[in-house]
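Comments concern the structure below.
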There are 2 protein chains.
Amino acid sequence: MNQNIERISRILINNNIKPSFQRIKILEYLLENKKHPTVDEIYVSLHPEIPTLSKTTIYNTLNLFLESGIVRALNIESSESRYDPITDQHGHFKCDHCGSVYDFPVNFENIKSNKFLEGYEVKEKDVILKGICKHCKEN
Amino acid sequence: MNQNIERISRILINNNIKPSFQRIKILEYLLENKKHPTVDEIYVSLHPEIPTLSKTTIYNTLNLFLESGIVRALNIESSESRYDPITDQHGHFKCDHCGSVYDFPVNFENIKSNKFLEGYEVKEKDVILKGICKHCKEN
DNA sequence: AAATAAAAATGTAACAATTACAAAAAAAGT
DNA sequence: ACTTTTTTTGTAATTGTTACATTTTTATTT
Ligand SMILES: [Mn+2]
Ligand SMILES: [Mn+2]
Ligand SMILES: [Zn+2]
Ligand SMILES: [Zn+2]
């Protein structure tokens, strides 16, 4: 566990972010449960352990993480953002039934090598699918 | 112009939506300027011509259109939804500089035929790119 | 170690997109 | 013409997010 905190601290330091207790805990939460949580989900999960934690701190911290590129924001639903510590290219499947957000690999070359996109500078890519997940279909 | 209203009325009637003045105008706006507007952009554009128009009506109408599937909602930014009367599969490119949202064709077969998605029922698909558009790059 | 300065966390208020709800207006049916 | 139903409207409530001032923590200097 202490090893884990060491590892997470190093990620922050490498990105010029001072490894405060809250920042470590928030990044740890993202990395341990790769569930693409919302701010509220992070808050509800960490609050029992850190009763003084403020939602503003979560917002501040995530925005800080976004700027240095150690997390990605996902706009799957219009209502609220989700956060993903895996920044390598991949797609997302959101289950309408259980609410889970699954990762899946995507070959972006097919998408980028498109006549219509010649001359366009692509910085961000997102593939979002919605439907019913395998697990929910089996019940 | 009258022809146009006839055509739009028929779309609504075919989807069991009574073609009121407001509904016709909102759908007409979506179909004429294929700019993936936000609710506010629709409101600002139509308000001069229809001073009594209420934003609530625009929300009600778009939700009605969504239910019958004659428009699609896009969650490109987290802050607000955009609306698209073209429901055939295609991708979207949002320019960070000028704010335009461009359509481009996407081959979804590559994405769907994915081992990781076997057993998953896909109902909605979205491909969203962000960056700088050709037009802005040339300036 | 005490004092000072800088950075981070917190709580509250402000904001903005969206929905809920009730009243007014318009349309349809009798 | 009267009644009922549908649609539109305005206002208030809700909710995710940001702004801002204050408090707390951490780092630096004396
Ligand atoms: Mn992911
Ligand atoms: Mn489109
Ligand atoms: Zn599911
Ligand atoms: Zn542009």
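The figures that follow rest on heavy atoms only: side chains count, while hydrogens, waters and symmetry mates do not. The chains referred to below are lettered A, B, ... by the order of the sequence lines, with proteins before strands, and numbering in each begins at 1.
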Review point. Does anyone know the first and last nucleotide of DNA chain D in reach of chain A, 5' to 3', at under 4.0 angstrom to a heavy atom?
Key: D:dG16 to D:dA19
Rounded to whole angstroms, how far apart are [atom1] on [X] and [atom2] on [N]?
X     : N      : atom1 : atom2 : result
A:K25 : C:dA9  : NZ    : P     : 14 Å
A:N16 : C:dA8  : CG    : P     : 11 Å
B:L64 : C:dT19 : CG    : P     : 13 Å
B:Y59 : C:dA16 : OH    : P     : 13 Å
A:L12 : C:dA8  : CG    : P     : 11 Å
B:I58 : C:dT19 : CD1   : P     : 13 Å
A:I17 : C:dA9  : CD1   : C1'   : 15 Å
B:D40 : C:dT19 : CG    : P     : 15 Å

More than 12 heavy atoms of other groups within 6.0 Å of [X] [atom1]:
X      : atom1 : result
A:K35  : NZ    : no
B:H97  : NE2   : no
B:F116 : CZ    : no
B:K130 : NZ    : yes

Exercise for review: Just say parallel, tilted or perpendicular for the rings of B:H47 and B:Y43, cut-offs at 30° and 60°.
Suggested key: tilted
Review point. B:Y120 vs A:Y102 aromatic rings, parallel, tilted or perpendicular, using cut-offs 30° and 60°?
Key: perpendicular
Review point. When rounded to the nearest 0.5 angstrom, what is the spacing between CG in A:D126 and CD in A:Q89?
Key: 8.0 Å
Review point. Which is true for A:T56 with a 4.0 Å heavy-atom rule: it touches a base, it touches only sugar-phosphate, or it touches nothing?
Key: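 Answer is base: heavy atoms of A:T56 come under 4.0 Å of a base.
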Practice item. For B:T38, report the nucleic acid contact type (base, sugar-phosphate, nothing); a contact means any heavy atom under 4.0 Å. Key: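 Touches nothing.
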Practice item. Map A:T52 and B:V39 onto DNA chain C by nearest heavy atom, then report which one ends up closer to the 5' terminus. Key: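 The answer here is A:T52.
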Practice item. Map B:K18 and B:N60 onto DNA chain C by nearest heavy atom, then report which one ends up closer to the 5' terminus. Key: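 Per heavy-atom nearest nucleotide, the more 5' residue is B:N60.
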Review point. Counting just side-chain N and O atoms, does B:Q22 come under 4.0 Å of either OP1 or OP2 of C:dA26?
Key: no
Review point. Can a side chain N or O of A:S20 be found less than 4.0 Å away from OP1 or OP2 on C:dA8?
Key: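 So the side chain of A:S20 is outside the cut-off, no N or O lying under 4.0 Å from OP1 or OP2 of C:dA8.
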Practice item. Could you identify which residues of residues 66-82 of chain B place a heavy atom less than 4.0 Å from some atom of DNA chain C, listed by residue number, or say none? Key: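 Residues of residues 66-82 of chain B under 4.0 Å from DNA chain C: B:S79, B:E80, B:S81.
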Exercise for review: Would you mind checking if A:E41 and A:R82 are paired as a salt bridge, meaning a charged N to carboxylate O distance below 4.0 Å?
Suggested key: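 A salt bridge is present here (some side-chain N lies under 4.0 Å from a carboxylate O).
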Check your understanding: With the threshold set at 4.0 Å, does a side-chain nitrogen-carboxylate oxygen contact exist between B:E77 and B:K94?
Key -> yes
